[in-house]
Q: 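Questions regarding the structure given below will be posed in turn.
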Amino acid sequence: MRFEIMRLDDRNGDAVDSTVVDASAVNKIVQQAAAIGQRIYIRPAD
């Protein structure tokens with residue numbers, strides 16, 4: 001399964017950029033975002 005991960009702007013919550021990754025990479029990206037306090041949005045990719 002693949003997921004789209006969008007990095008969100010800290011001020012207004014708008015999506016700044018996005019990437020599509022395999023399920024195996026999601027955990028690593030979430031951990032990296034949490035370590036630096038980055039806001040992300042994850043959803044299944046088509």
Side-chain angles (χ1 to χ4, degrees):
M1 183 167 205
R2 296 176 60 83
F3 293 90
E4 180 180 19
I5 300 177
M6 291 175 272
R7 187 169 52 95
L8 304 177
D9 182 86
D10 288 335
R11 294 185 186 136
N12 58 16
D14 290 340
V16 176
D17 61 14
S18 69
T19 187
V20 176
V21 298
D22 289 326
S24 61
V26 172
N27 186 40
K28 181 179 178 182
I29 292 171
V30 168
Q31 288 179 3
Q32 289 173 341
I36 62 173
Q38 185 178 61
R39 295 172 56 195
I40 58 174
Y41 177 75
I42 303 170
R43 66 180 179 185
D46 293 333

Q: State the CG-CZ distance between Asp9 and Arg39, to the nearest 0.5 angstrom.
A: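 That separation rounds to 8.0 Å.
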Q: Measure the spacing between CD of Glu4 and CG of Asp46 and express it to the nearest 0.5 Å.
A: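 The CG atom of Asp46 is 8.5 Å from CD of Glu4, to the nearest 0.5 Å.
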Q: Is the shortest heavy-atom distance from the side chain of Ile40 to the side chain of Ile42 under 4.5 Å?
A: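 Heavy-atom side-chain distance check passes, below 4.5 Å.
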Q: Between atom OG of Ser24 and atom CZ of Phe3, what is the distance when rounded to the nearest 0.5 Å?
A: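 One finds 10.5 Å between OG of Ser24 and CZ of Phe3.
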Q: State whether the number of non-hydrogen atoms from other residues, nucleotides or ligands found under 6.0 Å of Asn12 atom CG is greater than 12.
A: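 Atom CG in Asn12 is packed in, count exceeds 12.
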Q: Hey, are the side chains of Gln31 and Asn27 touching, using non-hydrogen atoms and a 4.5 Å cut-off?
A: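 Sidechains of Asn27 and Gln31: in contact.
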Q: Looking only at non-hydrogen atoms, find the nearest pair between Val20 and Arg2 and report the distance.
A: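 So the minimum-distance heavy-atom pair works out to CG1-NH2, 3.5 Å.
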Q: Applying the 4.5 Å side-chain criterion to the ILVMFWY set and letting contacts propagate, would Met6 and Met1 be lumped into a single cluster?
A: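 No, separate clusters.
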